[in-house]
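Report on one structure; see the data block that follows.
As the structure is a computational prediction, the values presented were derived from the model and not from experiment. Sequential numbering from 1 along the given sequence is applied to the chain's residues.
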Amino acid sequence: MNCLSPSILAADFSRLGEQVAFVEQAGAQYLHFDVMDGHFVPNISFGLPVLRSLREVTGLMLDVHLMIERPLRYIDEIAACGADIITVHAEACADLDRAVREIKEKGLLAGVALCPATPLGVLEYVLADVDMVLVMTVNPGFGGQSLIPYTLDKVRDLKALINRRGLKTDIEVDGGINALTLSAALEAGANVIVAGSAVFRGDIAENTKSLLAQMKAREK
């Protein structure tokens, strides 16, 4: 099933609750929550209080993407704030297996994110335990970037690997996804789509509905 995960990094924070309600009412299934620490990536975003507040006002799946160093330090707290999915970066984990296990022990879905140039080989021994792989289609840290074309080849290779192993792992893409690039991402094998500016710039409800319609058409 194709799912849309609007990224609140592109939202108007002064109207965050209202804008989240728009995407939920328009049919989005997930809400993407980018946590940045100013170390793993150069930018700083938001953290636990915002996540806790959003959990109180939405029934959407909270899709928490940790762009932070040593993410194991925060898994307990993020789980307690109401996350449904926690995704850690392979590049930020000295013990990726342990991070995945700790997330799943909390009863949550576990994701692993890969930066554009990170090879799929880092997933070799954990893929069977991972619920979702997030392929970054831009270099992480800032919104509004253009999709890097070779990352879609990486999505295709990942999809082939998942199929060979008989797994049902979701493939999420994040970065530069809009009405023009969405079809290519879906065709490559992605089924969870993160979109920031493409959702939150302009008419949020209509943007959400339009992307969802495009995604639904690809399922037929």
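- Here the side chains of Asp84 and Leu109 are not in contact, with every heavy-atom distance at 4.5 Å or above.
- Looking at Ile68, Ile103, Leu72, Val64 one by one, the single match for side chain to side chain contact (heavy atoms under 4.5 Å, CB included) with Val88 turns out to be Ile103.
- Inter-residue side-chain proximity for Val35 and Leu51 is flagged as unmet; no heavy-atom pair is nearer than 4.5 Å.
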(request) Check the pair Lys154 / Thr118 against side-chain contact (heavy atoms from CB on, under 4.5 Å), numbers first and verdict last. (result) CA-CA 10 Å; Lys154 187 174 179 180; Thr118 300; 4.3 Å; yes
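- Not one N or O on the side chain of Arg15 forms a donor-acceptor pair closer than 3.5 Å with the backbone of Asp12.
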(message) Between Arg156 and Asp153, does the salt bridge (charged side-chain N to carboxylate O under 4.0 Å, His left out) criterion hold? Intermediate values first, please.
(response) CA-CA 5 Å; Arg156 291 185 189 94; Asp153 292 330; 2.8 Å; yes
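- With values rounded to the nearest 0.5 angstrom, Ile75 atom CD1 is found 5.5 Å from Glu102 atom CD.
- Within the 3.5 Å criterion, the main-chain N or O of Asn2 finds a donor-acceptor partner in the side chain of Glu219.
- Considering only heavy atoms from C-beta on, Ile193 comes within 4.5 Å of Val173 through its side chain.
- Annotation: side chain of Asp174 is in contact with side chain of Asp34 (closest heavy-atom distance under 4.5 Å).
- When every heavy atom of His89 is checked against every heavy atom of Pro140, the shortest pair comes out as CE1-CG, 4.4 Å.
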(request) Give the intermediate values and the outcome of side-chain hydrogen bond (donor to acceptor under 3.5 Å, both in side chains) for residues Asp63 and His65. (result) CA-CA 6 Å; Asp63 174 19; His65 176 195; over 6 Å; no
(request) Apply the test side-chain contact (heavy atoms from CB on, under 4.5 Å) to residues Asp131 and Ile85: give CA-CA distance (whole Å), side-chain angles for both, the deciding distance (0.1 Å), then the verdict. (result) CA-CA 9 Å; Asp131 298 291; Ile85 308 167; over 6 Å; no
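- Annotation for Met136 and Pro116: closest pair O-CG, 3.5 Å, computed over non-hydrogen atoms.
- In this structure the side chain of Val50 reaches within 4.5 angstrom of the side chain of Phe33, judged on heavy atoms.
- The two residues Leu4 and Ala28 come nearest to each other via the heavy atoms O-CB, 4.1 Å.
- In this structure a side-chain-to-backbone donor-acceptor pair under 3.5 Å is missing from Glu172 to Met132.
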(request) Check step by step if side-chain contact (heavy atoms from CB on, under 4.5 Å) holds for Asp37 and Glu69. (result) CA-CA 7 Å; Asp37 63 358; Glu69 293 180 353; 3.9 Å; yes
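- Smallest separation of non-hydrogen atoms from Thr181 and Ile177: OG1-CA, 3.2 Å.
- The closest donor-acceptor contact from the side chain of Gln25 to the backbone of Ala205 lies at 3.5 Å or more, if one exists at all.
- Leu54 has its side chain within reach of Val20: a pair of non-hydrogen atoms, C-beta onward, lies under 4.5 Å apart.
- Looking at Thr208, its side chain does come within 3.5 Å of a backbone N or O of Ile204 through a donor-acceptor pair.
- Using a 3.5 Å distance cut-off with no hydrogens or angles, the side chains of Asn178 and Ser197 do not pair a donor with an acceptor.
- When each of Val23, Leu60, Leu212 is paired with Gln29, the side chain to side chain contact (heavy atoms under 4.5 Å, CB included) condition holds for Leu212 and for no other.
- Between Thr137 and Ile148, the closest side-chain pair of non-hydrogen atoms is not below 4.5 Å.
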(request) Please report the C-alpha distance between Arg52 and Glu56 in whole Å, then the side-chain angles of each, then the deciding distance to 0.1 Å, and finally whether the salt bridge (charged side-chain N to carboxylate O under 4.0 Å, His left out) criterion is met. (result) CA-CA 7 Å; Arg52 188 181 300 110; Glu56 294 175 357; over 6 Å; no
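- Residues Lys106 and Asp76 share a closest heavy-atom pair of CE-OD1, 2.7 Å.
- Separation of the Phe22 and Phe200 ring centroids does not fall under the 6.0 Å cut-off.
- Across Gly111 and Val130, no two heavy atoms sit closer than the pair CA-CG1, 4.3 Å.
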(request) Kindly indicate, with the supporting measurements, whether the criterion side-chain contact (heavy atoms from CB on, under 4.5 Å) is fulfilled by Leu123 and Leu158. (result) CA-CA 10 Å; Leu123 299 171; Leu158 175 59; 4.2 Å; yes
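- Taking the side chain as every heavy atom from C-beta outward, Phe40 and Cys115 approach each other to under 4.5 Å.
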